[in-house]
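In what follows, a structure is listed as structure tokens, so that the remarks can point back to it.
The residues of the chain are indexed from 1 along the displayed sequence.
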Amino acid sequence: MIHVCFALRDETGKGSKFAGTAMLSMFANNSKSEASITVHILHDNTLTDENRDKFSYLAGRYGQLMKFYNVETRCATKLAEIKNRFPKIDKARFNYAAFYKFLIPQVLSKDIAKAIYLETNTLVNLDIN
């Protein structure tokens, strides 16, 4: 089992499009491999049910798994701390989702020994295995 993580804040819907493209490229290039992939999406309240369903559909089409973690509910204390330390982050080139990757050890099961983190704008052109 290969575990791949994405961090997503999706106020405009563009983040989901990028993440979906990254996942599609990863799944399509993994089709000959016997290794299965579980995609873990760390997101906030901006991820819509519709886009969540699209991710699940895409993974299911390739026989892969999706797991979703709302960091606003699971890691509220840590996010509040980040927002206090970086109050103007949303006025910068990036947003709070840039910090979600640091929450991966907190949200993933302790049974998962390692995971690959990919940015949502990554294209995978080889087997991720």
| request: Write out all pairs satisfying side-chain hydrogen bond (donor to acceptor under 3.5 Å, both in side chains) with one or both partners inside residues 101-111, taking only residues at least two apart or from two chains. | output: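 Only Lys101-Glu119 qualify under side-chain hydrogen bond (donor to acceptor under 3.5 Å, both in side chains).
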| task | Please list all pairs passing the side-chain hydrogen bond (donor to acceptor under 3.5 Å, both in side chains) test where one or both residues lie in residues 72-84, with sequence neighbours left out. | result |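 Applying side-chain hydrogen bond (donor to acceptor under 3.5 Å, both in side chains) to every pair that reaches into residues 72-84, excluding sequence neighbours, yields Asn45-Glu72.
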| Honestly curious: do Met26 and Ile116 fall in one hydrophobic cluster under the side-chain, below-4.5 Å linking rule? |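 Yes, Met26 and Ile116 fall within the same hydrophobic cluster.
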| query | Side-chain heavy atoms under 4.5 angstrom apart, residues restricted to Ile, Leu, Val, Met, Phe, Trp, Tyr: same cluster for Ile2 and Phe68? | reply |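 In one cluster with Ile2: Phe68, yes.
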| field | Ser16-Asp10 side chain donor-acceptor pair, cut-off 3.5 Å | value |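 The criterion, which ignores hydrogens and geometry beyond distance, is satisfied for Asp10 and Ser16.
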| said: Before you tell me yes or no, could you show the steps for Asn70 and His43 under side-chain contact (heavy atoms from CB on, under 4.5 Å), namely the whole-Å CA-CA distance, both residues' side-chain angles and the distance that decides it to 0.1 Å? | reply: CA-CA 5 Å; Asn70 187 330; His43 65 90; 3.7 Å; yes
| query | What are the two closest non-hydrogen atoms of Cys75 and Val107, and how far apart are they? | reply |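 Nearest pair, atom of Cys75 first, then Val107: SG-CG1, 3.6 Å.
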With rounding to the nearest 0.5 Å, note down the distance linking [atom1] in [X] to [atom2] in [Y].
{"X": "Cys5", "Y": "Leu118", "atom1": "SG", "atom2": "CG", "result": "9.0 Å"}
{"X": "Ile128", "Y": "Leu126", "atom1": "CD1", "atom2": "CG", "result": "9.0 Å"}
{"X": "Ile104", "Y": "Leu108", "atom1": "CD1", "atom2": "CG", "result": "6.5 Å"}

What pairs with [X] under side-chain contact (heavy atoms from CB on, under 4.5 Å), at least two apart in sequence or on another chain?
{"X": "Phe18", "value": "Lys14, Thr120"}
{"X": "Leu65", "value": "Met1, Thr38"}
{"X": "Ala22", "value": "Phe6"}

I'd like to know if the side chain of [X] reaches the main chain of [Y], judged simply by a donor and an acceptor atom lying under 3.5 Å from each other, with no hydrogens or angles considered.
{"X": "Thr21", "Y": "Lys17", "answer": "yes"}
{"X": "Asn51", "Y": "Leu47", "answer": "no"}
{"X": "Asn30", "Y": "Asp127", "answer": "no"}

| query | Asp44: what forms a salt bridge (Lys or Arg N to Asp or Glu O under 4.0 Å) with it, not counting sequence neighbours? | reply | Arg9
| request: Please identify each residue that fulfils salt bridge (Lys or Arg N to Asp or Glu O under 4.0 Å) with Lys54, with sequence neighbours left out. | output: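 For Lys54 the salt bridge (Lys or Arg N to Asp or Glu O under 4.0 Å) partners, ignoring immediate neighbours, are Glu50.
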[X] versus [Y]: any side-chain heavy-atom pair under 4.5 Å?
{"X": "Arg52", "Y": "Met66", "answer": "no"}
{"X": "Lys67", "Y": "Ile41", "answer": "no"}
{"X": "Leu79", "Y": "Leu103", "answer": "yes"}

| said: Taking side chain to side chain donor-acceptor pair (under 3.5 Å) as the definition, give me every residue that meets it alongside His40, ordered by chain and number, with sequence neighbours left out. | reply: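 Once residues adjacent in sequence are excluded, the partners of His40 under the side chain to side chain donor-acceptor pair (under 3.5 Å) criterion are His3, Tyr69.
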| message | Test of understanding: with ring pair (Phe, Tyr, Trp, His ring centres under 6.0 Å), list the residues that count as partners of Tyr57, not counting sequence neighbours. | response | none
| With sequence neighbours excluded, residues passing ring pair (Phe, Tyr, Trp, His ring centres under 6.0 Å) with Phe55 | none
| query | Which pairs, with at least one residue in residues 100-129 and sequence neighbours excluded, count as a ring-ring contact (aromatic ring centres under 6.0 Å, His included)? | reply |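 Every pair satisfying ring-ring contact (aromatic ring centres under 6.0 Å, His included) with a residue in residues 100-129: there are none.
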